[in-house]
Amino acid sequence: KFSHPPREDMNPLPATCESRVLWRRALPGLPADLRYAFLEATGRSLYLSVPGGIREFDRATGEAVGQWEATGRYEPPLLSENLLVWTDENKIYVQDTDRRPLEPREYGFKSAGIGLARPTVEKGIAYGGGSGLAYAMDLATGELKWQVAPSTPIHTPPAVFARDAVFFDDDGAVFSV
């Protein structure tokens, strides 16, 4: 049997904590049976990703600020370096989080229906993949930094370190670009 006595430098949480709900709002237009959604938060906005699009709310009041309507399947947004980034079948959408309302820049790919996966963002560059595509794109300009064609689709975000991207493809292989 192995046990540790409590460490003196670790204070347990008090038995009771006081907190209060700042605001609570019903969100109109959402399916009644919605049980989960993806949420990202900045200093002033909440971005809720639900079926049909992304909704933006004021973080202090809960008031609706804007929305983006999806026209098909899309990947939930991720927040990185004051950018909200998401993808659909063949576009990357970029929203500066210090701007309102929700009006993203769109950067497209020539191949239609490549099914872009959720990218990884590092220092303003999106690294991602899809069906027959791995890429790096400058999110400020939409400039494609590089693009390669792996032998199988990529449906998971890559790991990125010092601008090297490591991908996992549908064949179960790992490769680095």
Side-chain angles (χ1 to χ4, degrees), residues 27 29-31 33-42 45-57 65-177:
L27 303 176
L30 297 182
D33 62 348
L34 181 66
R35 297 291 177 254
Y36 72 91
F38 290 89
L39 183 67
E40 292 286 355
T42 65
S45 293
L46 298 172
Y47 299 95
L48 183 66
S49 174
V50 295
I54 298 171
R55 309 289 192 266
E56 180 183 10
F57 300 91
V65 176
Q67 66 183 27
W68 172 82
E69 297 295 329
T71 56
R73 184 185 147 277
Y74 76 100
E75 292 292 323
L78 65 101
L79 186 63
S80 178
E81 303 160 11
N82 291 345
L83 297 175
L84 191 70
V85 181
W86 67 97
T87 60
D88 67 9
E89 290 298 313
N90 65 332
K91 290 182 185 170
I92 295 179
Y93 298 89
V94 181
Q95 173 73 33
D96 295 313
T97 59
D98 56 355
R99 288 188 52 226
R100 283 188 176 161
L102 191 56
E103 294 176 347
R105 296 185 304 276
E106 298 179 15
Y107 302 123
F109 287 86
K110 292 178 183 170
S111 304
I114 54 179
L116 294 176
R118 193 176 195 201
T120 298
V121 176
E122 178 77 23
K123 296 182 181 173
I125 306 293
Y127 299 85
S131 296
L133 172 73
Y135 66 88
M137 178 183 283
D138 185 313
L139 294 176
T141 65
E143 175 191 355
L144 206 55
K145 296 293 188 183
W146 52 258
Q147 177 177 330
V148 296
S151 58
T152 61
I154 298 168
H155 292 110
T156 58
V160 177
F161 177 75
R163 302 223 183 231
D164 290 334
V166 179
F167 293 88
F168 179 75
D169 69 20
D170 281 6
D171 278 346
V174 176
F175 66 95
S176 179
V177 178

From Val160, Val177, Val166, Val121, residue fulfilling side chain to side chain contact (heavy atoms under 4.5 Å, CB included) relative to Tyr127:
Val160
Main chain of Gly124, side chain of Glu81: is a donor-acceptor contact present, judged purely on distance under 3.5 Å?
yes
List the steps, then state whether side chain to side chain contact (heavy atoms under 4.5 Å, CB included) holds for Leu46 with Leu39.
CA-CA 7 Å; Leu46 298 172; Leu39 183 67; 4.2 Å; yes
Tell me which one of Pro76, Pro77, Pro119 satisfies side chain to side chain contact (heavy atoms under 4.5 Å, CB included) with Thr87.
Pro119
Please name the pair of heavy atoms, one in Ala126 and one in Ile92, separated by the smallest distance, quoted to 0.1 Å.
CB-CD1, 4.5 Å
Out of curiosity, Glu143 CD to Tyr107 OH, how far, rounded to the nearest 0.5 Å?
11.0 Å
Rounded at 0.5 Å granularity, tell me how far CE in Met137 sits from CG in Leu116.
8.5 Å
Judged by atom type as modelled, is there a donor-acceptor pair below 3.5 Å linking the side chain of Thr120 to the main-chain atoms of Pro158?
yes
Gly129 to Tyr135 - nearest heavy-atom pair and separation
N-CE2, 3.5 Å
For Asp96, is the CG atom crowded, meaning more than 12 foreign heavy atoms sit under 6.0 Å from it?
yes
Trp86 and Trp68 aromatic ring geometry - parallel, tilted or perpendicular at 30°/60° bounds
perpendicular
Nearest heavy-atom contact between Glu56 and Ser45 is OE2-OG, 2.8 Å
Quick one, Asp98 and Thr42 - any side-chain contact, counting heavy atoms below 4.5 Å?
no
Can you tell me how far apart CZ (Arg105) and CG (Leu139) are? Round to the nearest 0.5 Å.
7.5 Å
Is Glu89 close to Glu75 at the side-chain level, that is, under 4.5 Å between some pair of heavy atoms?
no
Spacing of Thr97 atom OG1 and Gln95 atom CD [to the nearest 0.5 Å]
8.0 Å
Nearest heavy-atom neighbours spanning Glu40 and Leu78:
OE2-CA, 3.7 Å
Rounded to the nearest 0.5 Å, the CD1 atom of Ile54 sits from the CD atom of Gln67 at a distance of 11.0 Å
Verify whether one side chain among Ser49 and Tyr74 offers a donor that lies under 3.5 Å from an acceptor in the other.
yes
Spacing of Leu84 atom CG and Leu79 atom CG [to the nearest 0.5 Å]:
6.0 Å
